[in-house]
Amino acid sequence: MSLPSPQFNSLGTLQHFLTLDGLDKATLTSIMDTAENFTQVGDRVIKNVPLLRGKTVANLFFENSTRTRTAFELAAKRLSADLLNVDLVTSSTTKGESLLDTLRVLESLQCDMFIVRHGESGAADFIARHVKPTVNVVNGGDGQASHPTQGMLDMFTIRQHKGAFEPLCVVIIGDIRHSRVARSGIAALNTLGAGEIRVVGPRTLMPTNVESLGVTWYSDVDVALKDADVIMGLRLQTERMSGITVPSSREFFSTYGLTRERLSLAKSDAIVMHPGPTNRGVEIAADVADGPQSVILDQVTNGLAVRMAVMSTIMGNAEPLREASSQDASEGVNRG
Ligand code: CP
């Protein structure tokens, strides 16, 4: 039997941000509305707000990242937090120090929030179960399980360009099986009521029982793209592949790559998304990635506001301290 998610504290408040699974439409909408306000802050001369003043945020990236790590760093700074970018390559984890001992060190330095990226699915959940009750954990991508802030910035970008989710046909192309971005995006699209979600790619790159995710699988990209409003390309996550047969990069581009010719099969106002990093000439043609329908750099921009929204939403939502017992009171326990 699986344990309940530690995402909510005992009052039902969102303390950690680990997965979009189980978050309701009101919560997702509230995060997008908060992000909308932060995009306006970004237009001001002074872009900082004091919401996290006096708090310390630690970026713990056990796996490489450009967009997520830098957006969280900038988000923490815009919210006036102190930021630690823990350099794990030069940290004592290379001398065998365990993950939990590393966390204890950072907790002893009074860190209030951990942003975690890790190659193992479930790593952020594990950390959330082991931190002090006053600490918040945000999942910056764990294995192939979840990338919830990417999912939220993708939803925010879709809403920005398309408005309502209900009429939309969303097509996700490529390596769904190894993609935490696809899992988080599909969960959010279903919660927000997207009209139709299609996934397309070879069966070897689909999760088992892919239809149970609430999507329809297509093997033919030309068929899948018909009437699409939103098209999302995904990178082939070769670093997570073992023991499965996948097409070569050249074969993949020829069979599934998003070219201008294929894009013309979708609606004329369809938007093209990609979480990055992109491999041009593999899952997407350069002239599509850079073309007028591409919103790939909007996704990057929106990642900042969405991360500010997530961090400010959960910060301070600690597990409530237990009532002081009469014995504690008589001993004059100082809870600080
Ligand atoms: N989309 C995304 O997670 O990109 P990075 O790996 O560069 O953070």
Side-chain angles (χ1 to χ4, degrees), residues 17-20 31-32 35 57-78 83-89 113-125 137-158 160 170 172-189 199 205 230-241 258 271-280 282-284 288-290 294-311:
F17 201 70
L18 308 174
T19 174
L20 299 184
I31 290 168
M32 288 191 280
V57 176
N59 258 347
L60 281 172
F61 278 62
F62 295 87
E63 218 187 39
N64 292 343
S65 165
T66 298
R67 281 148 285 267
T68 311
R69 194 189 62 73
T70 52
F72 270 115
E73 176 171 350
L74 197 50
K77 289 177 174 169
R78 292 265 170 98
L83 178 84
L84 284 176
N85 263 320
V86 183
D87 184 352
L88 291 160
V89 175
M113 184 182 288
F114 295 130
I115 315 295
V116 182
R117 168 165 291 192
H118 203 288
E120 292 293 324
S121 300
D125 186 286
V137 178
V138 182
N139 184 0
D142 64 321
Q144 54 196 51
S146 281
H147 196 347
T149 58
Q150 178 73 46
M152 285 312 307
L153 74 88
D154 289 343
M155 296 310 110
F156 185 77
T157 305
I158 292 172
Q160 191 175 57
V170 181
I172 308 176
I173 307 174
D175 184 3
I176 313 295
R177 178 171 174 161
H178 303 100
S179 175
R180 54 196 177 207
V181 175
R183 276 185 186 72
S184 289
I186 289 167
L189 285 166
V199 294
L205 292 181
V230 176
I231 305 160
M232 186 185 296
L234 296 174
R235 182 175 68 87
L236 289 174
Q237 308 225 352
T238 47
E239 72 275 21
R240 301 191 209 286
M241 293 178 190
L258 187 58
I271 57 170
V272 173
M273 304 178 72
H274 194 302
T278 51
N279 289 125
R280 291 154 188 256
V282 181
E283 70 272 10
I284 190 165
V288 173
D290 301 328
S294 170
V295 298
I296 294 173
L297 292 178
D298 292 357
Q299 291 173 265
V300 177
T301 304
N302 291 336
L304 174 58
V306 163
R307 284 163 180 131
M308 289 172 77
V310 167
M311 293 165 85

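Both backbone and side-chain heavy atoms feed into the values below; hydrogens, waters and symmetry mates do not. Positions are given from 1, in the same order as the sequence printed here. Remember, it's a predicted structure, so these values are computed and weren't measured experimentally. One-based numbering, in listed order, for ligands and for the atoms of each.
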Subject >> Closest protein heavy atom (residue, atom, distance) for atom 4 (O) of ligand 1 >> reply: R67 NE, 3.0 Å
Subject >> For T66, atoms of ligand 1 separated by under 4.0 Å from a heavy atom >> reply: 5 (P), 7 (O), 8 (O)
**OP:** Looking only at protein heavy atoms, identify the closest one to atom 2 (C) of ligand 1 and say how far it is in Å.
**Re:** T68 OG1, 3.6 Å
**OP:** For atom 6 (O) of ligand 1, grab the closest protein heavy atom and report residue, atom and distance to one decimal in Å.
**Re:** R117 NH1, 2.8 Å
**OP:** Check each of I296, V181, L153 against P275 using the side-chain contact (heavy atoms from CB on, under 4.5 Å) test, and report the only one that passes.
**Re:** V181
Original post:
Where do L205 and M241 come nearest, in terms of heavy atoms and distance?
Top reply: CD2-CE, 3.8 Å
**OP:** Report yes or no: does E63 have a heavy atom closer than 4.0 Å to ligand 1?
**Re:** no
Original post:
Above 12 or not: heavy atoms from other molecules or residues under 6.0 Å from CD of E120?
Top reply: no
**OP:** Grab the two heavy atoms, one from I271 and one from I158, that are nearest each other, plus how far apart they are.
**Re:** CD1-CA, 4.4 Å
Subject >> Within-shell test, G141 vs ligand 1, heavy atom, strictly < 4.0 Å >> reply: no
Original post:
Short list, please: which atoms of ligand 1 are under 4.0 Å from a heavy atom of G276?
Top reply: 1 (N), 2 (C), 4 (O)
**OP:** Assess whether atom CG of N64 is packed by more than 12 heavy atoms of other residues, nucleotides or ligands within 6.0 Å.
**Re:** no
Subject >> F61: which of V89, V116, T68, D87 passes side-chain contact (heavy atoms from CB on, under 4.5 Å) >> reply: T68
